[in-house]
Amino acid sequence: EKALKTPNNQRAMTYLGISQVHSSMGNYQLALDNLDKAEQNASDDDFTTRSNVSLERGKVYVLMNEDEKSTKQFEQTIQSQ
């Protein structure tokens with residue numbers, strides 16, 4: 001949370017990083033919550049961040065054994081490229 005308060009912070013990328021930490025620790029719902037925040041803070045024309053959010057969300061769903069949701073996220077990532 002301290003990182004969010006630093007000057008020149010890129011909030012979307014910070015939330016994306018926080019989600020990756022939670023995912024690696026097995027805190028999948030917290031990872032998804034932070035991915036939602038990352039997506040909310042990404043500008044509409046920031047296709048790279050939006051693609052990364054979708055990709056990471058797909059990875060979390062794989063870890064949660066949510067095959068349909070993960071496939072949907074991976075397809076969304078491909079379409080955004």
Side-chain angles (χ1 to χ4, degrees):
E1 294 293 320
K2 288 181 181 181
L4 292 168
K5 297 177 184 176
T6 59
N8 303 320
N9 177 271
Q10 295 180 1
R11 295 178 76 80
M13 293 304 294
T14 301
Y15 282 121
L16 183 62
I18 292 170
S19 75
Q20 291 169 331
V21 171
H22 282 298
S23 179
S24 69
M25 295 173 61
N27 300 323
Y28 303 129
Q29 188 56 54
L30 287 173
L32 292 172
D33 292 345
N34 279 282
L35 287 169
D36 290 342
K37 291 176 184 178
E39 190 170 50
Q40 292 165 4
N41 282 277
S43 62
D44 290 338
D45 61 349
D46 187 352
F47 302 112
T48 302
T49 300
R50 291 185 174 282
S51 291
N52 284 331
V53 167
S54 183
L55 178 63
E56 291 300 321
R57 190 177 282 128
K59 291 178 184 179
V60 173
Y61 284 137
V62 166
L63 294 170
M64 296 173 69
N65 295 313
E66 296 278 351
D67 295 336
E68 283 186 41
K69 290 181 180 180
S70 64
T71 300
K72 181 179 176 181
Q73 290 301 308
F74 293 140
E75 287 173 354
Q76 184 176 335
T77 302
I78 292 167
Q79 290 175 358
S80 68
Q81 295 297 318

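All values reported here derive from a predicted model rather than from experimental measurement.
Taking each heavy atom of Leu55 and Phe74 in turn, the nearest pair found is O-CE2, 3.7 Å.
Put simply, NZ on Lys59 and CG on Leu35 are 10.5 Å apart, with the number rounded to the nearest 0.5 Å. Going from atom CZ of Arg57 over to atom OG1 of Thr77 covers 9.0 Å, rounded to the nearest 0.5 Å. Distance check, rounded to the nearest 0.5 Å: NZ of Lys69 to CG of Asp67 gives 11.5 Å. A distance of 5.5 Å separates CG of Asp44 from CZ of Arg50, quoted to the nearest 0.5 Å. Residue His22 holds its NE2 atom at 5.0 Å from CG of Leu30, rounded to the nearest 0.5 Å. The OG atom of Ser23 sits 10.0 Å away from the CE atom of Met64 when rounded to the nearest 0.5 Å.
For the residue pair Thr49 and Asp46, a side-chain donor N or O sits within less than 3.5 Å of a side-chain acceptor on the partner. Between the side chains of Ser51 and Ser80, at least one donor N or O lies within less than 3.5 Å of an accepting N or O.
Leu16 places none of its side-chain heavy atoms less than 4.5 Å from the side chain of Asn34. Contact check for Gln73 versus Tyr61: side-chain heavy atoms found under the 4.5 Å cut-off. With a 4.5 Å cut-off on side-chain heavy atoms, Asp36 and Tyr15 do not count as touching. Here the side chains of Ser19 and Leu32 are not in contact, with every heavy-atom distance at 4.5 Å or above.
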Quick one: do Asp33 and Gln29 satisfy side chain to side chain donor-acceptor pair (under 3.5 Å)? Show the steps, please. CA-CA 6 Å; Asp33 292 345; Gln29 188 56 54; 2.9 Å; yes
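Under a 4.0 Å N-O distance rule, the pair Glu75/Lys72 does not qualify as a salt bridge.
A donor-acceptor pair is defined here as one N or O able to donate and one able to accept, closer than 3.5 Å; such a pair exists between the side chain of Thr14 and the backbone of Gln10.
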